[in-house]
Amino acid sequence: MTDETTRLVLLFQEGDRQAFAELVKAFRHKIYALAYRILMNHSDADEVAQETFVRVYNRIGQLKSPVRFDSFLYRIATNYAIDLLRKRKGRVVAMPDEGELPGNIQVALSLRVINPEKNLENKQLLDAIIKAAEELPPRQKVTLVLHDIEGQSKEEIARILECPEATVRSNLHIARSKLKQILSKYLAI
Amino acid sequence: MSNRHITHLIGGFLDGELTPKKHQEVLDHCSCCPSCARELGHYRELKTIMGRIKEPDPGDEYFTTLSENILNRTELIRPAPVLDSNMTGSSLSRQNIYKLLIRVAAVITLLFISLFATEFKPRKHVSQAGNRAIEIRADGKNIAGWTGNIPPGKDDVNDISNNSTSE
């Protein structure tokens with residue numbers, strides 16, 4: 001975390017609302033992206049982003065080490081996203097589709113495109129993987145997203161999810177195995 | 001090179017967490033084991049695909065609105081007290097002052113309660129003749145609801161005589 005973030009967190013802890021506004025500005029993209037990758041849905045990602053910062057505002061007094069602000073922020077965001085995933089269980093969630101997304105929101109799935117046929121094949125494969133990821137238990141899914149998409153280390157994920165690193169490894173292994181089975185089916189065709 | 005499959009090492013291999021020796025062991029094994037090589041290939045592909053999942057870009061306007069919504073929602077909320085003494089000494093000392101004030105207020109309230117309780121505590125007066133307890137107030141009025149005449153007992157006589165002399 002940057003010194004500037006630490007400075008803003010300290011100011012915010014002393015009651016500076018402008019510092020809070022700056023922190024929102026600095027992290028809103030990251031939190032929205034994280035929430036979207038977990039929930040694959042704009043309106044849920046928006047809800048997580050808003051609620052995360054409101055909770056950060058309410059709970060900033062609980063943050064004992066300002067240098068750990070990003071873990072604190074990610075923990076609040078992932079916990080809320082996990083709650084939404086649990087609530088969503090059993091509810092059918094539509095796959096993101098460029099044509100159906102509001103406004104200029106588009107799914108930027110930057111797969112390597114060799115030719116249009118390959119593109120379609122990749123899109124189908126990706127949809128299948130996203131759908132399989134939807135079926136994962138929330139904590140496995142969040143671990144997978146944080147590690148393989150967000151690029152967080154296992155140590156950091158353990159801190160965010162407040163669990164042992166061994167649990168992170170285990171969740172990651174199970175999640176990957178499940179998705180790999182889907183991939184194997186596609187690649188076997 | 002052992003003939004045992006190395007599937008348990010694939011995760012560590014992909015994440016670059018293996019020692020150079022183990023890393024080489026995986027490569028050597030995969031060069032002669034099509035099953036493990038395929039498995040590794042699939043995991044590799046999966047990791048690549050996952051790494052390519054991007055969030056949509058809702059645009060700057062959305063993020064500006066998001067910030068405004070958050071700030072509006074937090075406008076009426078009192079900022080949370082800070083718990084970290086090292087980082088926010090001034091806030092903490094203010095918090096201590098509040099705690100001290102609350103304790104002082106509690107002590108004063110208790111003192112008042114105990115003072116008034118003593119002041120208005122009814123004392124028991126035992127009538128010898130009637131052999132029954134009658135509660136009377138400090139000013140001598142019966143508060144037990146009994147309105148009949150009580151033959152004065154020994155103590156009563158003393159009280160009356162004391163009162164009459166003092167008047």
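Letters go in sequence order (proteins before strands), and every chain restarts at 1. Note that the coordinates shown come from a computational prediction; the quantities given were computed from them, not determined experimentally.
Only the side chain of A/L144 comes within contact range of chain B, with at least one heavy atom under 4.5 Å from a heavy atom of that chain. Of the two parts of A/R37, only the side chain, counted from C-beta on, holds a non-hydrogen atom closer than 4.5 Å to a non-hydrogen atom of chain B. Residue B/E61: no heavy atom, backbone or side chain, is found under 4.5 Å from chain A. At a 4.5 Å heavy-atom cutoff, the contact between A/H147 and chain B is made by side-chain atoms alone. Interface remark: A/E150 contributes no atoms to any contact with chain B (heavy atom separation under 4.5 Å). Only the side chain of A/I129 comes within contact range of chain B, with heavy atoms under 4.5 Å apart.
Between B/D57 and B/Y62, the side chains place no donor N or O within less than 3.5 Å of an acceptor N or O (distance only, hydrogens not considered). There is a side-chain donor-acceptor pair under 3.5 Å between A/R17 and A/Y57. In the model, A/Y74 has no side-chain atom that pairs as donor or acceptor with a side-chain atom of A/T52 under 3.5 Å.
Aromatic ring orientation, A/F69 versus A/F72: tilted (interplanar angle from 30° to 60°).
Judged by distance alone, with hydrogens and angles left aside, the side-chain atoms of A/K141 form a donor-acceptor pair with the main-chain N or O of A/I38 at under 3.5 Å.
A/E51 and A/R55 are joined by a salt bridge, as a carboxylate oxygen and a charged side-chain nitrogen come within less than 4.0 angstrom of each other.
Among the candidates A/S177, A/S153, A/A45, A/A35, the residue making the largest number of heavy-atom pairs closer than 4.5 Å to chain B is A/S177. Among B/N69, B/L14, B/T7, B/I10, the residue with the largest count of heavy-atom pairs under 4.5 Å with chain A is B/N69.
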